[in-house]
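Just below is one structure, and these are the notes that go with it.
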Amino acid sequence: MSEPGDEYADQAKSMVNDVIENALRWLETGGLEREKTSDSLKSELLPPSRETTLIREEDYEVQNIKWLTIEEFSPDAAEKKINEFIETWEYENSWLYCVDFMGEDDHEFDRRFQFRVRWSIPTRRKPIPRATASVYFTFIISKIKPKNYPVEVFYVFETNRLVHRPGMSRFREKWLKDIIESKVIMMSAVTF
C-alpha cells in the first residue's frame, strides 16, 4: 500500500508531464494556424520530431562578466558593469542604447537600484525612432551579507515577465525587435 502523499506526488508529476507534452505539441504544430506556404506544406508532410522542435546549441556557452561586490557597488560602477555585460550580447551594429539610472528603493534587509537600458535603431531617414525597447536591470545590495559578497543582478525585458540572471540565459536580438514591432503595430492602430 502506498503512502497518502505518494498519490498526490504522482498526480502532480502526471500534470507537469501533461503540460510539458502540450507545450511541445504546441511548438511542433506552430501554435497557431499560419498561412500555408510551400515550405510549411513541405514540413507538414514530414512527421514532427523533438529534434527539430527543440534546437539546442550544445557548444554555446552563455557569456557573463565579473559583477561588483557589495563593497564596490556604486550607481556609476553598476552602469559601467551593465555596459560591459551588454558587450557580451550578440546583436547587429545598427542598434544603439543608453543606460539610465531609475532610482533606489530602501528595504529592511537590502537596497535595490534600478536601471533602464533603452534600445533603438535610428536611421539616416528616421534619426528619431518611432519606438524603443527597454531592458530593466535591478541590483540588490544586501545590508546583512558580508561586504565581499557579490551583488545580485536581475534583468527583465519590457512587456515580458521572465526574470533573467546574467550568465543563465542567452540574449536574443529578436526579443528587442518583437518589442519594437508590437509598439509600432499598436501605434498604427490608434487614431488621434
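Just so it is clear, the structure is predicted and the values come from calculations on it, not from any experiment. Start at 1 with the first residue, then count along the sequence.
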Applying side chain to side chain donor-acceptor pair (under 3.5 Å), name anything that partners [X], two or more places apart in sequence or on another chain.
X	result
W175	none
K66	none
E181	none

[atom2] on [Y] to [atom1] on [X], rounded to 0.5 Å:
X	Y	atom1	atom2	value
N64	R165	CG	CZ	10.0 Å
R112	F139	CZ	CZ	14.5 Å
W95	W89	CH2	CH2	11.0 Å
N160	D178	CG	CG	10.0 Å

Determine, using the 4.5 Å side-chain heavy-atom cutoff (strictly less than), whether [X] and [Y] are members of one ILVMFWY cluster.
X	Y	answer
I70	F154	no
F101	I86	yes
V117	L96	no
I179	V156	no

Check: Quick one: do K80 and D76 make a salt bridge, cutoff under 4.0 Å?
Finding: no
| Salt bridge between R172 and E90, side-chain N to carboxylate O under 4.0 Å? | no
What side-chain donor-acceptor pairs closer than 3.5 Å can you find for residues 118-132, not counting sequence neighbours?
residue	atom	partner	partner atom	Å
R118	NH2	D100	OD2	3.0
T123	OG1	K126	N	3.0

Residues at least two apart in sequence or cross-chain that pass salt bridge (charged side-chain N to carboxylate O under 4.0 Å, His left out) with E92, listed by chain then number, are K177
Practice item. For the residue pair K81 and V153, establish whether any side-chain heavy-atom pair is separated by less than 4.5 Å. Key: no
**Request:** Report yes if the side chains of Y91 and L176 come closer than 4.5 Å at any heavy-atom pair, otherwise no.
**Result:** no
Open item on the list: Quick check on the 6.0 Å ring-centre criterion: do H164 and F171 meet it?
Closed with: no
| Are F113 and F137 close enough that their ring centers fall under 6.0 Å? | no
- Is there a donor-acceptor pair under 3.5 Å between the side chain of D110 and the backbone N or O of I140? no
Practice prompt. Give a yes or no on whether M187 atom CE has more than 12 heavy-atom contacts from other residues, nucleotides or ligands under 6.0 Å away.
Written response: yes
So side chain to side chain donor-acceptor pair (under 3.5 Å) across residues 135-159, not counting sequence neighbours, yields D106-K143, E158-K183
